[in-house]
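Both counts, for ligands and for their atoms, begin at 1 and track the order of listing. Reckoned from all heavy atoms, side chains included, excluding hydrogens, waters and symmetry mates.
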Amino acid sequence: MKYLSTRGNSPSRSFTEILLAGLAPDGGLYLPEIYPRITRSELTEWRPLSYPALASRVLGKFIGDMPSDDLKQLLDRTYTASVYCNGRAGSDAGEIAPLRTLEPGLHLLELSNGPTLAFKDMAMQLLGNLFEYVLDKGHAELNILGATSGDTGSSAEYAMRGKRGIRVFMLSPQGKMSRFQTAQMFSLQDANIFNIAVQGVFDDCQDIVKAVSNDHAFKDQFKIGTVNSINWARVAAQVVYYFKGYFAATRSNDEQADFSVPSGNFGNICAGHIARMMGLPIRRLILATNENDVLDEFFRTGLYRPRATTQTFQTSSPSMDISKASNFERFVFDLVGRDAATMRELWGRVDSGGAFDLSQSTHFARIADYGFVSGTSSHADRLATIRRSWEQYGVMIDTHTADGLKVGLEHRQPGAPLVCLETALPVKFEETIREALGREPERPAGLTGIEDLPQRFEVMPADARAVKDFIAGHAT
Ligand SMILES: *Cc1c(COP(=O)(O)O)cnc(C)c1O
């Protein structure tokens with residue numbers, strides 16, 4: 001299995017070669033040269049498998065340059081009950097990505113039982129183990145530099161803590177994360193984790209990461225890498241739970257299932273698209289956005305119009321507050337028939353702050369073949385959906401999952417079960433839960449009082465120089 005770039009001007013690479021890379025050298029994103037097709041007999045064989053066994057089958061299709069025994073061992077270590085025990089302790093405690101039935105034909109796929117209570121752990125935990133494996137083989141080191149407004153940073157830190165050869169330098173806007181999220185990150189005492197509280201906003205943090213990454217001499221000298229959502233291994237890891245959700249929600253491989261996915265950077269739902277291209281019987285992929293509706297607009301009209309960051313609304317589902325969906329390029333590559341010249345033209349416009357309109361193209365006319373439908377959700381919708389889930393089903397859901405459930409229900413049709421992906425636990429967004437339900441969300445046992453633990457972080461001005469000096473002083 002080799003990987004090519006959506007812009008067509010980079011040599012093809014193997015899985016482990018692109019593991020530590022971000023963008024391809026030509027500015028595109030990596031994708032498999034062809035999607036592996038799953039046969040009927042494979043589906044039958046995979047249906048009863050445990051999560052790690054299923055992961056080794058699915059990921060084995062994408063990873064051509066790692067001995068399968070090593071991969072299997074690594075997956076057994078990654079997807080183990082002791083890592084995914086942070087969620088609600090119930091009858092399915094210890095199961096990886098359990099399916100919770102709300103009513104017949106309507107389900108939640110629980111993806112938030114990992115250490116940071118968000119679905120990002122499902123992929124990031126694997127990334128941590130893969131990085132360590134590959135660095136170990138090459139006797140190499142890596143300094144991960146990132147910017148976070150909450151979920152990604154903590155997920156990355158919990159995945160990389162204590163890993164040989166890896167340090168994490170995570171920038172966050174000082175005083176802008178919730179107390180819970182701040183405590184999750186800053187209470188880590190591992191020597192390889194560095195939290196940097198930047199005196200500025202999230203965009204300042206991201207600008208610093210860009211500035212440091214664009215200093216190629218510095219980047220090479222200090223082996224700077226990233227773990228952002230365009231990383232191919234993260235997308236691949238997410239493909240696995242679509243198989244898991246499909247098997248859990250259906251009884252035979254003659255059935256289809258619909259999936260509803262709260263979307264920001266298009267990473268999660270891109271994995272669903274890939275699972276569908278592999279032949280998993282997914283009828284529809286229902287994309288939900290919040291008030292930041294760039295992606296909904298595209299799927300309804302064919303117009304892709306990324307917003308300026310100043311036009312991005314701050315909402316009560318903050319992990320979906322994006323102006324430009326970084327993984328969307330992967331889907332459009334397939335939509336335009338994998339034509340790299342078209343991609344260079346379309347993204348030439350996007351990269352210079354523009355838009356593109358496919359409404360008149362023959363490609364967009366075939367969009368239904370890809371199974372996508374979409375919708376949006378507002379703050380009021382979120383509150384109503386959180387209430388409905390609590391009152392009707394006794395299940396407390398977070399704000400992002402509520403966006404997915406709201407739009408999913410709007411598109412619900414007979415003939416296939418609807419699986420809504422849960423992307424975080426309600427405890428991460430306490431304020432909105434209180435507003436919706438007038439009560440506190442439940443807190444997993446291990447996390448009571450984390451706000452009172454000692455915190456370890458550096459405060460720094462919004463200045464790339466200061467961050468570089470800090471990295472230089474700590475990266476050896
Ligand atoms: C990151 C995140 C999302 C958005 O996922 P994408 O892969 O960026 O589409 C949704 N909900 C939560 C809770 C998240 O952390």
Side-chain angles (χ1 to χ4, degrees), residues 29 87 108-125 127 146-159 177-178 180-181 184-185 202 227-239 241-242 259-275 285-296 298-299 306 312 315-331 372 374 376-377 382 385-386 397-408 420-430 432-433 441:
L29 304 189
L108 272 188
L109 187 62
E110 291 185 12
L111 302 176
S112 311
N113 297 333
T116 74
L117 318 184
F119 86 100
K120 292 194 171 68
D121 291 335
M122 294 293 293
M124 205 72 91
Q125 288 285 321
L127 209 61
T148 188
S149 54
D151 287 342
T152 308
S154 59
S155 188
E157 291 186 355
Y158 280 78
M177 294 188 294
S178 75
F180 182 84
Q181 287 177 319
Q184 266 189 320
M185 289 176 55
F202 173 67
V227 288
N228 49 25
S229 74
I230 57 156
N231 182 286
W232 165 253
R234 281 183 65 182
V235 177
Q238 292 169 354
V239 173
Y241 54 67
Y242 283 86
F259 283 83
S260 174
V261 188
S263 297
N265 269 319
F266 204 81
N268 199 357
I269 202 162
C270 185
H273 161 68
I274 290 165
L285 290 162
I286 304 169
L287 179 145
T289 70
N290 63 18
E291 290 87 335
N292 297 292
D293 60 354
V294 192
L295 290 168
D296 174 52
F298 174 80
F299 284 100
T312 306
T315 75
S316 47
S317 43
S319 300
M320 291 153 63
D321 292 349
I322 60 99
S323 43
K324 198 187 273 184
S326 51
N327 274 292
F328 186 51
E329 183 170 344
R330 290 193 158 108
F331 170 70
F372 277 87
S374 70
T376 66
S377 166
R382 233 162 271 142
T385 309
I386 291 168
I397 55 173
D398 98 292
T399 52
H400 306 74
T401 306
D403 289 332
L405 180 57
K406 185 261 180 189
V407 176
C420 297
L421 300 195
E422 174 208 71
T423 57
L425 290 194
V427 67
K428 297 193 88 169
F429 306 95
E430 286 173 325
T432 312
I433 300 300

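Under the 30°/60° scheme for interplanar angles, the aromatic rings of F266 and F328 are found to stand perpendicular.
Under 3.5 Å, the side chains of N290 and S317 contain a donor-acceptor pair of N or O atoms. Using modelled atom types and a 3.5 Å distance limit, the side chains of T312 and D321 yield no donor-acceptor pair.
Remark: ligand 1 and D151 share an N or O pair separated by less than 3.5 Å (distance only, no angle test). Between F266 and ligand 1, at least one N/O pair is under 3.5 Å apart. For ligand 1, the polar-atom distance check against A118 finds no nitrogen or oxygen pair separated by under 3.5 Å. Annotation: M320 places no N or O atom under 3.5 Å from an N or O atom of ligand 1; distance criterion only. Close N/O approach between K120 and ligand 1 is found [any backbone or side-chain N/O within under 3.5 Å].
R234 places a side-chain N or O within donor-acceptor distance of the main-chain N or O of V227, the cut-off being under 3.5 Å.
Within ligand 1, the atoms closer than 4.0 Å to a non-hydrogen atom of G267 are 6 (P), 7 (O), 9 (O), numbered from 1 in the order shown. Within the listing of ligand 1, atoms 4 (C), 6 (P), 8 (O), 9 (O) sit less than 4.0 angstrom from a heavy atom of G264. Heavy-atom contacts of F119 reach the following atoms of ligand 1: 1 (C), 2 (C), 3 (C), 5 (O), 7 (O), 14 (C) (cutoff under 4.0 Å). Near S263, the atoms of ligand 1 lying under 4.0 angstrom from a non-hydrogen atom of the residue are 9 (O).
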Take K120 and T152, measure what side chain to side chain contact (heavy atoms under 4.5 Å, CB included) needs, and give me the verdict at the end. CA-CA 7 Å; K120 292 194 171 68; T152 308; 3.6 Å; yes
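Nearest heavy atoms, G264 versus A325: O-CB, 3.6 Å.
Aromatic rings of F299 and F331 (six-membered ring for Trp) have centroids within the 6.0 Å cut-off, being under it.
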